[in-house]
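Atoms considered below: every heavy atom in the structure, side chains included; atoms not considered: hydrogens, waters and symmetry mates.
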Amino acid sequence: MTGTRPLKALVIGAGIGGLTTAVALRRAGLDVEVYERAGELRPAGFGISVGSNAMVALRTLGIDLGLDRLGQGVEHLEIMHPDGRRLFALPHSKLDQVLNNAASVCLYRGDLQAALLEAAGDCPITLGAVATRYERDGDGVRVRFEDGREARGDVLIGADGIHSVVRRQLTGATEGEPRYSGFIAWMAVTPFSHPRMVTGYSGHYWGAGKRFGIHDIGHGRTYWWATRNMPVETARRWVGGKGGKEELGRSYAGWAEEVGQAIRVTPEQDIMAVAVQDRPFLEQWGDGPVTLLGDAAHPMLPSLAQGGSSAMEDAVVLAQSLASADDPSQALRRYEDTRRARAKWMVNTSHQMAGMEQLEGAVPRLLRNAYLRLAPSSLLTLTMKKALAYPGVPADQAPAAHLARR
């Protein structure tokens, strides 16, 4: 609180992180304004996983987005050879229940966006607002936009993605472009059925320098993705556009029947390609009344499937830190200190896992597969357990019961 009025937060970016932040901060009693550079909020045509760690984090604020009704809980997570022979399986749903008493849910990204917009209620969301810079203004912060508009608040949250304008101003000219992973991903959501696609199925097929993933997202729909190693010069031919069905058919010829079928039944215009990128971990996320969140703070490769979930965790901890803050800037530093180690582990672990998953050489892949077949399941699940175990916040930072009553 500032005097007798609630704190006012400016959120730059209306992606999953920005919208979750708006929902969480309003639940914590703050006034929130969201500014988004896009002229309209169009649902992206691919899927997303919301881990049980994010579900339990939202639950500490009394937030239920009803995602289990919109998507499908992950039941069966299997890693396969390209021809469909099982390499190993992970007890995903069992870990979810033991750790969090909640499911990890795969769903269409547009459905998650719609659920967050509904939960945000009458929160002001200004579209076509291209932020160019911010400046300290007394005890608060002022944001200036490309069209001459400006907004003032007590705190500013940069949730504007991997190319964040807020981050660029914080880091200055010392930081370059995002780090290309060495592979691209084609993605699509399509109606699909196959005998192998039992309810809650999540299958990863690993080949030489390429992989394919198929996920049940409920309501007769499947989210699939395909990755392939390629130089950045070659990637530019595909990234940013739609299509690639013929190329995918050739690249995954001879793979498991369900892989080829998923590609064949998907309309060309529903397939899109992206360069898979992250950034080296940034230790300092903020200064004064300004902080970063989600991909603006810690973009990560998709190997842990924790990009969106990690942003949701950020939003909850930020809300809890600001809920009863006497000093907003100090509350932002508390949020950053609470989140830093876990986010750093996720960024670095995702990067290391991607290198292992995208191996091309026959001998390294043989050694990797032998390890996965022979290692005890307790060892193979350690990383997943750490990712799914939401640590919460220290007890002296805005108790959950206090927030749930707001």
Side-chain angles (χ1 to χ4, degrees), residues 15-17 19-20 43-59 64-79 89-97 99-100 102-116 185-190 192 197-205 211-219 221-227 262 272 274 276 278 294-295 298-316 342-343 346-347 349-350 353-354 357 381 383-390:
I16 300 306
L19 291 176
T20 307
F46 51 93
I48 188 170
S49 173
V50 179
S52 62
N53 52 301
M55 297 289 203
V56 76
L58 292 171
R59 196 162 63 198
D64 180 3
L65 299 173
L67 302 187
D68 55 335
R69 299 186 297 276
L70 299 175
Q72 174 61 52
V74 179
E75 297 289 340
H76 315 279
L77 176 57
E78 299 181 349
I79 309 298
L90 289 169
H92 205 301
S93 59
K94 181 179 178 180
L95 287 178
D96 283 330
Q97 290 303 315
L99 291 170
N100 298 318
S104 293
V105 175
C106 285
L107 72 162
Y108 175 53
R109 193 180 183 95
D111 289 341
L112 175 57
Q113 180 189 74
L116 288 167
W186 286 271
M187 299 177 288
V189 168
T190 192
F192 180 66
M197 289 288 296
V198 296
T199 299
Y201 180 74
S202 183
H204 296 205
Y205 304 73
R211 293 177 295 138
F212 200 93
I214 304 179
H215 308 272
D216 176 19
I217 62 170
H219 310 284
R221 298 176 299 178
T222 291
Y223 164 49
W224 64 257
W225 49 263
T227 65
M272 68 179 202
V274 299
V276 182
D278 68 355
D295 281 351
H298 46 75
M300 62 188 70
L301 299 184
S303 295
L304 282 172
Q306 282 287 332
S309 298
S310 184
M312 290 178 157
E313 287 187 6
D314 286 351
V316 169
R342 179 163 166 82
M346 286 192 172
V347 170
T349 302
S350 295
M353 287 178 63
E357 292 164 340
T381 58
T383 298
M384 180 178 287
K385 284 180 179 177
K386 188 168 181 177
L388 292 173
Y390 173 63

(request) Just do the side chain to side chain contact (heavy atoms under 4.5 Å, CB included) check on Met197 and Thr222 with the steps written out, would you? (result) CA-CA 9 Å; Met197 289 288 296; Thr222 291; 3.3 Å; yes

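- Between the side chain of His92 and the backbone N or O of Glu78, no donor-acceptor pair lies under 3.5 Å.
- In this structure, CG in Leu90 is found 4.5 Å from CE in Met384, a value given to the nearest 0.5 Å.
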(request) Would you check, one step at a time, whether the test side chain to side chain contact (heavy atoms under 4.5 Å, CB included) holds for Tyr390 with Val316? (result) CA-CA 11 Å; Tyr390 173 63; Val316 169; 3.7 Å; yes

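- The CZ atom of Arg342 sits 10.0 Å away from the NE2 atom of His298 when rounded to the nearest 0.5 Å.
- Ser310 meets the side chain to side chain donor-acceptor pair (under 3.5 Å) test with Arg339; sequence neighbours excluded.
- Pairing each heavy atom of Thr381 with each of Pro91, the nearest pair is CG2-CD, 3.9 Å.
- Between Leu116 and Leu65, some side-chain heavy-atom pair lies under the 4.5 Å cut-off.
- Panel note: side chain Asp314, backbone Gly17; no donor-acceptor pair is recorded below 3.5 Å.
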(message) Assess the residue pair Met312 and Leu112 against the criterion (side chain to side chain contact (heavy atoms under 4.5 Å, CB included)); give the C-alpha distance rounded to whole Å, side-chain angles, the decisive distance to 0.1 Å, and a yes or no.
(response) CA-CA 12 Å; Met312 290 178 157; Leu112 175 57; 3.8 Å; yes

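- Proximity of a side-chain donor or acceptor of Asp216 to a complementary backbone N or O of Gly200 within less than 3.5 Å is detected.
- Contact annotation: the side chain of Tyr205 approaches that of Ile214 to within less than 4.5 Å [non-hydrogen atoms, C-beta and beyond].
- Proximity of Glu357 to His204: side-chain heavy atoms (C-beta onward) are nowhere separated by under 4.5 Å.
- In this structure, Phe212 and Trp224 have parallel ring planes: the angle between them is below the 30° cut-off, well short of the 60° mark.
- A donor-acceptor pair is defined here as one N or O able to donate and one able to accept, closer than 3.5 Å; such a pair exists between the side chain of Ser104 and the backbone of Ser52.
- Put simply, the side chain of Ile16 reaches to within 4.5 Å of the side chain of Arg109, judged on heavy atoms.
- If you take OH on Tyr108 and CD on Gln113, they are separated by 8.5 Å, rounding to the nearest 0.5 Å.
- Met353 is listed as a side-chain neighbour of Thr383, based on a closest heavy-atom distance under 4.5 Å.
- Annotation: side-chain contact (heavy atoms from CB on, under 4.5 Å) contacts of Ala114 (sequence neighbours excluded): none.
- A side-chain contact (heavy atoms from CB on, under 4.5 Å) with Leu58 is found for one member of Thr20, Asp64, Val50, Leu67 and no other, namely Thr20.
- Between the CG atom in Leu99 and the NZ atom in Lys386 there is a gap of 13.5 Å [rounded to 0.5 Å].
- Nearest approach of Val189 to Gly47, heavy atoms of both residues: CG2-N, 3.7 Å.
- Within the 3.5 Å criterion, the main-chain N or O of Leu107 finds no donor-acceptor partner in the side chain of Arg221.
- Between Gly218 and Gln72, the shortest heavy-atom distance links the atoms N-CB, 3.5 Å.
- Atom NE2 of residue His76 and atom OG of residue Ser93 lie 7.0 Å apart, to the nearest 0.5 angstrom.
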